Amino acid sequence: MKHFIKYLLLSILPLLFTSCHDVEEYANNPQGNFEALWTILDEHYCFFEYKGVDWQAVKTEYAAKISPTMTSEELFRVLSDMLKTLQDGHTNLMSTFDVSRYWIWEQYPTNYDERLIREHYLNFDYRRVNGIDYQILKNNIGYMHYESFENSIGEGNLDLVLAYLATTDGLIIDVRDNGGGLLPNAEILARRFMKEKTLAGYISHKRGPAHDDFSEPYAYYLEPSTSHVRYYKPVVVLTNRATFSAANNFVSIMKTLPGVRIVGDTTGGGCGMPFTSELPNGWGVRFSAAPIYDADRRLTEFGVDPSEGCRIDMTDEDRLNGRDTILEKAFEVIKSML
């Protein structure tokens, strides 16, 4: 993990020095802010070639919409629309009055109902620590819902959670609607299901301003938590389109482990490590700067698919009857793994 952290620092430092220079080159007017934003992305964004985006053509299209007399609101809308052409949930423009976004999960079925789970499966009787709801269900299957990897959980807390669930026949980890957060939190949890040193994926960093100027992907590994409680019975991870960013990476890692299945919908993606910069007018911009690959050197920017035969949506009929179609499928999968 120390090598991984060092690698991230090496990838970020060049951006720190160039982003300030970019801002100083442009005037604080609509044209200058447009040019600054386009150039920051042009030199540092990491998925142009993967997504087939002609960024020069995008510039031509949106430059025609810039006027010296336009208001801040009008400028924000034009710049936001330009960023949306990247189809990237990690790319946002942040002003004092709004934040632009591209959230792919808003276009798909939600496939998750927190109230339904708490009422019909947990009977409003569950434990909670640092953003994790957990309990043993009536069929002796363990259940935990990790709502956001922004919530850090201590190793000691996680020991207590897994010790409580140790007598179960299998475990369901629900990361539906987990929009991400801190990647180390996802890795702390994933390490509890590893029996040996595991290839977690690869990362590459930008070496220069060209769209294809990247380092060779660098492998990084995770070690099992040998000094803490681990769980080696069947595990099912539940996903939907709102499983994004660090949660997307968590699913990618878990999918490589024996005894783990992914059930639900394809995740929302978001495998680019985000970085922030600033425009002359003070607006912030966040964007994907360093691509993270899965263990097979594939980008998961557009999501991680469920395991074979485990792609399923919640049905309206089940929802009305107090049943979670995806959770019920997980019960079947665990039974088949015993």
Side-chain angles (χ1 to χ4, degrees), residues 3-26 33-63 79-93 100 102 104 180 183 199-221 244-246 248-249 252-253 267-279 284-305:
H3 295 296
F4 180 52
I5 294 171
K6 178 181 178 182
Y7 193 83
L8 292 183
L9 290 174
L10 289 173
S11 69
I12 290 172
L13 284 174
L15 292 169
L16 289 172
F17 291 113
T18 57
S19 60
C20 295
H21 177 68
D22 290 338
V23 173
E24 294 171 358
E25 286 184 349
Y26 301 100
N33 283 290
F34 169 80
E35 293 285 348
L37 178 61
W38 185 89
T39 302
I40 289 169
L41 273 294
D42 183 58
E43 295 181 352
H44 303 305
Y45 183 70
C46 66
F47 291 130
F48 285 123
E49 294 203 341
Y50 175 69
K51 295 181 177 181
V53 175
D54 185 338
W55 195 232
Q56 188 63 50
V58 170
K59 181 179 184 179
T60 300
E61 177 184 352
Y62 284 90
L79 299 186
S80 297
D81 288 344
M82 181 174 74
L83 293 183
K84 287 179 182 178
T85 63
L86 299 175
Q87 301 180 44
D88 191 326
H90 275 149
T91 299
N92 316 96
L93 183 64
S100 73
Y102 179 83
I104 191 172
L183 185 56
L199 175 63
Y202 297 82
I203 186 168
S204 182
H205 69 273
K206 205 82 177 343
R207 298 184 304 183
H211 291 183
D212 61 351
D213 199 354
F214 287 94
S215 67
E216 282 296 314
Y218 175 91
Y220 73 99
Y221 295 82
F244 183 73
S245 191
N248 178 78
N249 291 115
S252 172
I253 294 168
T267 64
C271 72
M273 188 162 290
F275 182 73
T276 59
S277 189
E278 188 174 292
L279 304 187
V285 56
R286 185 179 77 144
F287 55 90
S288 297
I292 300 176
Y293 301 80
D294 68 11
D296 294 318
R297 292 188 180 233
R298 295 175 302 198
L299 289 171
T300 59
E301 173 67 3
F302 291 125
V304 179
D305 291 330

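For reference, positions follow the sequence shown, starting with 1. Keep in mind that the numbers below use all heavy atoms, side chains included, and drop hydrogens, waters and symmetry copies. The structure presented is a predicted model; accordingly, all values stated were derived computationally and were not measured.
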**Student:** Is it the case that the side chain of Thr91 and the backbone of Leu83 share a donor-acceptor pair, with hydrogens and angles ignored and the cut-off at 3.5 Å?
**Tutor:**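 No, the answer is negative, given that no donor and acceptor are paired below the 3.5 Å cut-off.
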**Student:** His90 and Ser288: which non-hydrogen atoms are nearest, and at how many Å?
**Tutor:** CB-OG, 3.3 Å
**Student:** Testing the basics here: between Ala200 and Ile253, what is the closest heavy-atom pair and its distance to 0.1 Å?
**Tutor:**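 Taking every non-hydrogen atom into account, O-CG1, 3.8 Å.
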**Student:** Using a 3.5 Å distance criterion without hydrogens, assess whether the side chain of Ser204 forms a donor-acceptor pair with backbone atoms of Ser215.
**Tutor:** yes
**Student:** List the residues meeting side-chain hydrogen bond (donor to acceptor under 3.5 Å, both in side chains) with Asp54, not counting sequence neighbours, and say none if there are none.
**Tutor:**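 For Asp54 there are no side-chain hydrogen bond (donor to acceptor under 3.5 Å, both in side chains) partners, ignoring immediate neighbours.
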**Student:** I want to check something: taking the side chain as every heavy atom from C-beta on, are Tyr202 and Glu216 in contact at a cut-off of under 4.5 Å?
**Tutor:** no
**Student:** Has the side chain of Asp294 got a donor or acceptor atom that lies under 3.5 Å from a matching backbone atom of Gly201?
**Tutor:**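 No: the side chain of Asp294 does not pair with the backbone of Gly201.
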**Student:** Using a 4.5 Å cut-off on heavy atoms from C-beta on, say whether the side chain of Tyr62 contacts that of Thr85.
**Tutor:** yes
**Student:** Kindly give the heavy-atom pair with the smallest separation between Phe34 and Met82, and that separation in Å.
**Tutor:**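 What the structure gives for the nearest pair is CE1-SD, 3.5 Å.
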**Student:** Considering only heavy atoms from C-beta outward, does the side chain of Cys46 approach that of Phe275 to under 4.5 Å?
**Tutor:** no
**Student:** Is a side-chain donor or acceptor of Lys206 paired with a backbone partner of Glu43 at a separation under 3.5 angstrom?
**Tutor:** yes
**Student:** How long is the gap from OH on Tyr50 to SG on Cys271, to the nearest 0.5 Å?
**Tutor:** 6.5 Å
**Student:** Side-chain donor-acceptor pair under 3.5 Å between Tyr26 and Thr39, yes or no?
**Tutor:**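 Distance-only check passes for Tyr26 and Thr39.
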**Student:** Can you sort out the partners of Asn249 under side-chain hydrogen bond (donor to acceptor under 3.5 Å, both in side chains), two or more places apart, ordered by chain and number?
**Tutor:** none
**Student:** Which heavy atom of Phe302 sits nearest a heavy atom of Gln87, and at what distance?
**Tutor:** CE2-O, 4.1 Å
**Student:** Which residues pass the side-chain hydrogen bond (donor to acceptor under 3.5 Å, both in side chains) test with Glu301, not counting sequence neighbours?
**Tutor:**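 Counting only residues at least two positions away or on another chain, Glu301 forms a side-chain hydrogen bond (donor to acceptor under 3.5 Å, both in side chains) with Lys51.
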**Student:** Can you give me the closest heavy-atom contact between Ser100 and Asn92, atom names plus distance?
**Tutor:**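 Heavy atoms only, the tightest pair is O-ND2, 3.0 Å.
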**Student:** Do Asn248 and Thr267 have side-chain N/O donor and acceptor atoms under 3.5 Å apart?
**Tutor:** yes
**Student:** For Phe48, check ring-ring contact (aromatic ring centres under 6.0 Å, His included) against everything at least two apart and list the hits.
**Tutor:**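 Expected list: Tyr45, Trp55, His211.
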**Student:** Compare every heavy atom of Phe214 with every heavy atom of Pro291, then report the nearest pair and how far apart it is.
**Tutor:**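 Shortest heavy-atom separation between Pro291 and Phe214 comes out as CD-CE2, 3.9 Å.
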**Student:** Verify, without hydrogens or angle tests, whether Ser277 (side chain) and Val285 (backbone) share a donor-acceptor contact under 3.5 angstrom.
**Tutor:** no
**Student:** Checking Asp296 now: which residues fulfil salt bridge (Lys or Arg N to Asp or Glu O under 4.0 Å) with it, not counting sequence neighbours?
**Tutor:**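 Only Arg298 meet the salt bridge (Lys or Arg N to Asp or Glu O under 4.0 Å) criterion with Asp296.
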**Student:** Mark yes or no for whether Thr60, through its side chain, and Gln56, through its backbone, hold a donor-acceptor pair below 3.5 Å.
**Tutor:**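 Side chain of Thr60 to backbone of Gln56, a donor-acceptor pair under 3.5 Å: yes, one is there.
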**Student:** Name all residues meeting the side-chain hydrogen bond (donor to acceptor under 3.5 Å, both in side chains) criterion together with Asp213; count only those two or more places apart in sequence or in a different chain, and write none if there are none.
**Tutor:** Arg207
